[in-house]
2 protein chains.
Amino acid sequence: MKPTDSHEDCRPVGEILHQIGGKWTVLIITRLGDGPKRFGELKRMVGGISQKVLTSTLRDLEMDGFVTRTVTPSIPPRVDYELTDLGRDLLVPLSAIGEWAIANRPRVLAARRQYLEDHPEAMPKRAAHVALMKQAAE
Amino acid sequence: MKPTDSHEDCRPVGEILHQIGGKWTVLIITRLGDGPKRFGELKRMVGGISQKVLTSTLRDLEMDGFVTRTVTPSIPPRVDYELTDLGRDLLVPLSAIGEWAIANRPRVLAARRQYLEDHPEAMPKRAAHVALMKQAAE
DNA sequence: CAGAATCCAACTGGATACTG
DNA sequence: CAGTATCCAGTTGGATTCTG
């Protein structure tokens, strides 16, 4: 599995990455890294995610075999999510990305500021930029 | 920079991850991993990407300081893209993800098949699923 | 509590045509 | 060759309301 070769298997890999690369996936998987969590617990921990999106993201993760969903039919109901072996496996490279993001956010923000200085006309054509720029302004 | 703590900096990290998690970002960065590439070269190597999307993704990466864009005003014009130090830095955790995806694609596909067996009514509510299922059927 | 169901605005990304 | 400029369909994701 050499890293710099393999021109053919780009697309299939892209599909998996796209799935993993969802805005919240990394956050959810890493939150589950230290044990099972209930739905509401996860929602609070991640923060800023709507239930609809959390629900469907968790469904995706369940579908891909990264998490298990355990329903306890009590009143009120209780649902726990937990990483599978595959999920814990994925957690390794994923948390590496997460830590990279935390560690290098300042560098990225600085690069964005620099870019805007050099290209004053650049202005946000993509939404993600706006969000990051707001952070850069802090 | 502990992995399992830090409830606060989830969102900011999410923004960076979202950026990185774009469908093509990982593919492009890893393709650039073994040296500078021209626009058309990249387009062929990645495969299946439109020039519009390739262009805007490259702009994003440039904006974030991951790649440099070098224009040689000849006829025909020539533009080279190359990883910056920050980009090469990012390449490390990113290619880990890429390799994970290649190595574990079968497991993910198997999980999807299993899921569909267990939940016959599940059927594609999200597009990404359709793509993966088509692959699963191969 | 955990979600399902709607409604709807915003963003993504593909196809096509044109330019220096 | 390497874009830029449109147009446009499909998806994502937020807010809100309702249910077992």
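Naming convention: chains lettered A, B, ... in sequence-line order (proteins, then strands); numbering from 1 in each chain. Side chains included, hydrogens not; waters and symmetry mates left out as well; all remaining heavy atoms used.
Helix bend of the helix from C:dC1-D:dG20 to C:dG20-D:dC1: the angle between its two end axes, each built from five pairs, comes to 50° after rounding to 10°.
Put simply, CH2 on B:Trp100 and CG on A:Leu86 are 4.5 Å apart, with the number rounded to the nearest 0.5 Å.
One atom, CZ of A:Arg59, and another, P of C:dA5, lie 10 Å apart when rounded to the nearest Å. Between B:Glu62 atom CD and D:dA2 atom P there is a gap of 15 Å when expressed in whole angstrom units. Remark: C1' of C:dG3 and CG of A:Leu42 are 14 Å apart, rounded to the nearest angstrom. Atom pair B:Arg69:CZ and D:dA2:P shows a separation of 10 Å (rounding to whole Å applied). Spacing between atom CZ of B:Arg38 and atom C1' of D:dA2 amounts to 9 Å, rounded to whole angstrom units. Residue A:Leu54 contributes atom CG, which lies 14 Å from atom P of D:dA15 at whole-angstrom precision. Distance B:Tyr81 OH to D:dG3 P: 4 Å, rounded to the nearest Å. Atom pair B:Glu41:CD and D:dC1:P shows a separation of 12 Å (rounding to whole Å applied).
Not a single salt bridge (Lys or Arg N to Asp or Glu O under 4.0 Å) links B:Arg69 to another residue, sequence neighbours left out. Every residue two or more places apart in sequence or in another chain was checked for a side-chain contact (heavy atoms from CB on, under 4.5 Å) with A:Ala111, and none qualifies. With sequence neighbours left out, the side-chain hydrogen bond (donor to acceptor under 3.5 Å, both in side chains) criterion links B:Arg88 to B:Asp85. Residues passing the side-chain hydrogen bond (donor to acceptor under 3.5 Å, both in side chains) test with B:Arg107 are A:Asp89, B:Asn104, sequence neighbours excluded. By the side-chain hydrogen bond (donor to acceptor under 3.5 Å, both in side chains) test, A:Arg38 is found to be paired with no residue, residues two or more places apart in sequence or in another chain being considered. Every side-chain hydrogen bond (donor to acceptor under 3.5 Å, both in side chains) that A:Gln114 has, sequence neighbours left out, goes to A:Asp118. Evaluation of the salt bridge (Lys or Arg N to Asp or Glu O under 4.0 Å) rule for A:Arg78 yields A:Asp80 as partners, not counting sequence neighbours.
B:Lys37 places no side-chain N or O within donor-acceptor distance of the main-chain N or O of B:Glu82, the cut-off being under 3.5 Å.
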Nucleotide-resolved protein contact map, nucleotides 14-20 of chain C, B/S/- at heavy-atom distance under 4.0 Å: BBBB--B

